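Keep in mind it's a predicted model, so treat the numbers as computed, not measured.
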Amino acid sequence: MKNFTQLLLIFLFVIGNVFAQQEKGIIGANNWLYNWAEFKPNQNSYDEPTQIIAGNIDKDTKLVKRDTYLLLGSVFVTNGATLTIEPGTVIIGDFASKASLTISKGSKIIAEGLETDPIIFTSNRSVKRAGDWGGLIILGDAPTNKFGNGSVASYHTDLTPSAYANTNFGGSDPESNSGILKYVRIEFAGKRISNNDYFNGLLLACTGSKTVIENIMVSYSAGNSFEIYGGQVNLNKLVSYRSSGNDFKFNYGANSKLHNSLAVRSPYVSSSYGSRCIQISSYNKKEEVDFSKNGTMVVAENITLVTDSDNIKADIDKGLVKEAVYVGQNSSLNMSTSVISGFNPAVLFQDTIFINQENLEKIKFSNMYFNNCNGNIFVENNSNNEDLENWYGNSAFFNVYAKSNNAETFIDLKNDKKPDFRLRINKIIASKDHFAAEDTGIND
């Protein structure tokens, strides 16, 4: 894994300025993925479980590294209890019982791993696949725009009447604290619930700003990697790798900052019902929400969204690649200093969004690098994007558009012992007089 991340590549940023300058850089052992991230989790094996976790955890409990834990069924942390997990602890989700871990409102999780000793949630199957087990759910007391707050009861089967209270989320405290997740990997989660409904790798429902979510990697999730319902949580250094669902989905009045994060999609594992890197929505049904409350508002900075493909044009032509970013009505997105490479198109607005200055000021893209996409920014079901091209193509936004093959955009430093993966994150620092590239993504 060290060798992998040491050579995690070079991203050649073609800066389209008057000097036609090309910025290059090499990353190594100081990148933020070093040591803790894992891009081949199915090759890892863990000790057999020595402890079982089942039912409710209703008092302060600590999980220790020396034990390996088997998570059985729907496990809830309740009664204001705190679940503490030592660095390096492995928790294995049971396939047969659709294992999941839910931190109920008022309770906390303190899962603070280390760069050299991350906490791992994974599958108990010998051949691991996306959707082997449920996932991790954290329920908080921050606001949502839903009427009557919300519940995740539909994720669980055979709940007792008293257990329904443990599935509620939402309240009035935007600063509420549900604990710490740091240096945590969540692998092969997203168990199917019914038809097109799945668990997520990590669901944050109304978690507040004092909750720490940092250095989290969700890989091979059959549902969404990260789903955020309401709340005011800040997200830093997140990785979504080969998710079948969305990589980052925000809904129900989420007010979040997503910083310095990465989503890597594969054309061959996306869900048939549509998957994006980032989806911004304020509701699923209008009757669910109170329009006197704020809709979803997301600030996304230093983000890399990339389709890992040997032939992106062929995969787009086959219909295997969709848009990277989807913005729904009554939602706001401010995305800057980020890369979108290899999508069809880069960004899509819901077809109910009317293109006027008021709406465009709620959806901002600046200092962006749009590369090798089949179109840049469109309204759903409308192939005429002249107004959007004129708006976002204005030099004041410093957006760069490129059409280069993956082989030209990404430099591969592979050898016989290192996997073939290509990626580089840069930040564009722009002014009217010059462009420069500064490492802030993986090297931040």
Side-chain angles (χ1 to χ4, degrees), residues 102 105 135-155 167-171 174 176 178 190 193 196-209 211 213 218 221-235 238 240 243-258 261 263 271 273-300 303 305 322-335 347-353 362-363 380:
T102 300
K105 186 166 69 171
L136 179 57
I137 300 172
I138 301 179
L139 308 177
D141 196 31
T144 174
N145 65 352
K146 286 176 69 74
F147 283 116
N149 298 321
S151 171
V152 294
S154 62
Y155 284 81
T167 68
N168 295 332
F169 62 86
S176 64
S178 296
I193 302 167
N196 290 334
D197 291 329
Y198 296 79
F199 277 93
N200 307 290
L202 176 61
L203 171 59
L204 303 172
C206 289
T207 50
S209 60
T211 307
I213 306 293
V218 176
S221 175
N224 302 318
S225 288
F226 299 91
E227 182 145 3
I228 295 87
Y229 288 167
Q232 198 165 307
V233 66
N234 296 320
L235 311 166
L238 306 188
S240 173
S243 170
S244 299
N246 298 287
D247 295 294
F248 307 102
K249 183 177 180 181
F250 300 86
N251 204 351
Y252 296 122
N255 187 340
S256 292
K257 293 181 180 179
L258 176 65
S261 294
S271 168
Y273 61 86
S275 304
R276 293 110 175 184
C277 292
I278 298 178
Q279 179 169 320
I280 313 290
S281 305
S282 286
Y283 49 80
N284 292 336
K285 298 177 181 178
K286 287 186 175 182
E287 57 269 24
E288 294 179 293
V289 298
D290 181 353
F291 284 94
S292 69
K293 298 179 179 179
N294 290 330
T296 298
M297 297 181 287
V298 176
V299 175
I303 311 301
L305 312 176
K322 300 184 183 295
E323 65 273 8
V325 178
Y326 183 88
V327 184
Q329 191 175 17
N330 300 114
S331 303
S332 299
L333 171 64
N334 186 349
M335 190 171 185
V347 180
L348 202 60
F349 295 173
Q350 188 175 5
D351 56 10
T352 53
I353 295 177
K362 295 178 181 178
I363 308 171
E380 194 174 22

| Hey, what do you get for CG (L139) to CD1 (I137), rounding to the nearest 0.5 Å? | 6.5 Å
| message | For F291, give me all partners under ring pair (Phe, Tyr, Trp, His ring centres under 6.0 Å), at least two apart in sequence or on another chain. | response | Y283
| Approximate separation, where rounding is to 0.5 Å, of K105 NZ and T207 OG1 | 13.0 Å
| request: Would you confirm whether S282, through its side chain, and G295, through its main-chain N or O, come within 3.5 Å as a donor-acceptor pair? | output: no
| message | Restricting to non-hydrogen atoms, name the atom on S256 and the atom on I228 that form the minimum distance, rounded to 0.1 Å. | response | OG-CG2, 3.9 Å
| query | Is there a donor-acceptor pair closer than 3.5 Å between any side-chain N or O of T211 and the backbone N or O of G208? | reply | yes
| field | Heavy-atom check, side chain of I213 versus side chain of L238, under 4.5 Å | value | yes
| message | Going by salt bridge (charged side-chain N to carboxylate O under 4.0 Å, His left out), name the pairs with one or both residues in residues 278-287, residues two or more places apart or in two chains. | response | none
| note | Rounded to the nearest 0.5 Å, the CD atom of E227 sits from the CG atom of L202 at a distance of 10.0 Å
| Flag for Y155-D197: side-chain donor and acceptor within less than 3.5 Å | no
| message | Looking at every non-hydrogen atom in both residues, tell me the closest pair between M335 and L305 and how far apart they are. | response | CE-CD1, 3.9 Å
| field | Nearest heavy atoms of N294 and N145, plus distance in Å | value | O-CB, 3.6 Å
| query | Within a radius of less than 6.0 Å around NZ of K293, do more than 12 heavy atoms belonging to other residues, nucleotides or ligands occur? | reply | yes
| said: V233 vs L235, test: side-chain contact (heavy atoms from CB on, under 4.5 Å). Steps then yes/no. | reply: CA-CA 6 Å; V233 66; L235 311 166; 4.0 Å; yes
| query | For L204 and Y229, what are the C-alpha separation, side-chain angles and deciding distance, and is it a side-chain contact (heavy atoms from CB on, under 4.5 Å)? | reply | CA-CA 6 Å; L204 303 172; Y229 288 167; over 6 Å; no
| Between atom CZ of F349 and atom CG of L333, what is the distance when rounded to the nearest 0.5 Å? | 8.5 Å
| query | If we only count heavy atoms from C-beta on, is the V298 to N334 side-chain gap below 4.5 Å? | reply | no
| Polar side chain donor-acceptor pair, S209 to Q232, under 3.5 angstrom | no
| said: Would the distance check show the side chain of K249 and the main-chain N or O of N224 forming a donor-acceptor pair, the cut-off being under 3.5 Å? | reply: no
| field | V152 vs L203, side-chain contact (heavy atoms from CB on, under 4.5 Å): CA-CA, chis, key distance, verdict | value | CA-CA 10 Å; V152 294; L203 171 59; 3.8 Å; yes
| request: Could you tell me whether the side chain of D351 and the main chain of E380 form a donor-acceptor pair under 3.5 Å? | output: no
| field | ring pair (Phe, Tyr, Trp, His ring centres under 6.0 Å) partners of F250, counting only residues at least two apart | value | none
| remark: Closest non-hydrogen contact found for S151 with F169 is N-CE2, 3.2 Å
| Approximate separation, where rounding is to 0.5 Å, of T144 OG1 and D290 CG | 10.0 Å
| task | Measure from the side-chain N and O atoms of Q350 to the backbone N and O of Q329, and report whether any donor-acceptor pair falls under 3.5 Å. | result | yes
| note | When every non-hydrogen atom of S178 is compared with those of G140, the smallest separation belongs to OG-CA, 3.9 Å
| task | Find the distance between OG (S331) and CG (N251) and round it off to the nearest 0.5 Å. | result | 7.5 Å
| said: Please determine whether side chain to side chain donor-acceptor pair (under 3.5 Å) holds for the pair N246 and Y326, giving the CA-CA distance in whole Å, both sets of side-chain angles, and the decisive distance to 0.1 Å. | reply: CA-CA 10 Å; N246 298 287; Y326 183 88; over 6 Å; no
| query | Any donor and acceptor pair, going by atom type alone, linking the side chain of S332 with main-chain N or O of M297 inside 3.5 Å? | reply | no
| query | Parallel under 30°, tilted from 30 to 60°, perpendicular over 60°: which one fits the rings of F226 and F248? | reply | parallel
| query | Below 4.5 Å, heavy atoms only, C-beta onward: do V327 and V325 meet side chain to side chain? | reply | yes
| field | Minimal non-hydrogen separation, A142 against P174, with atom names | value | CB-CA, 4.0 Å
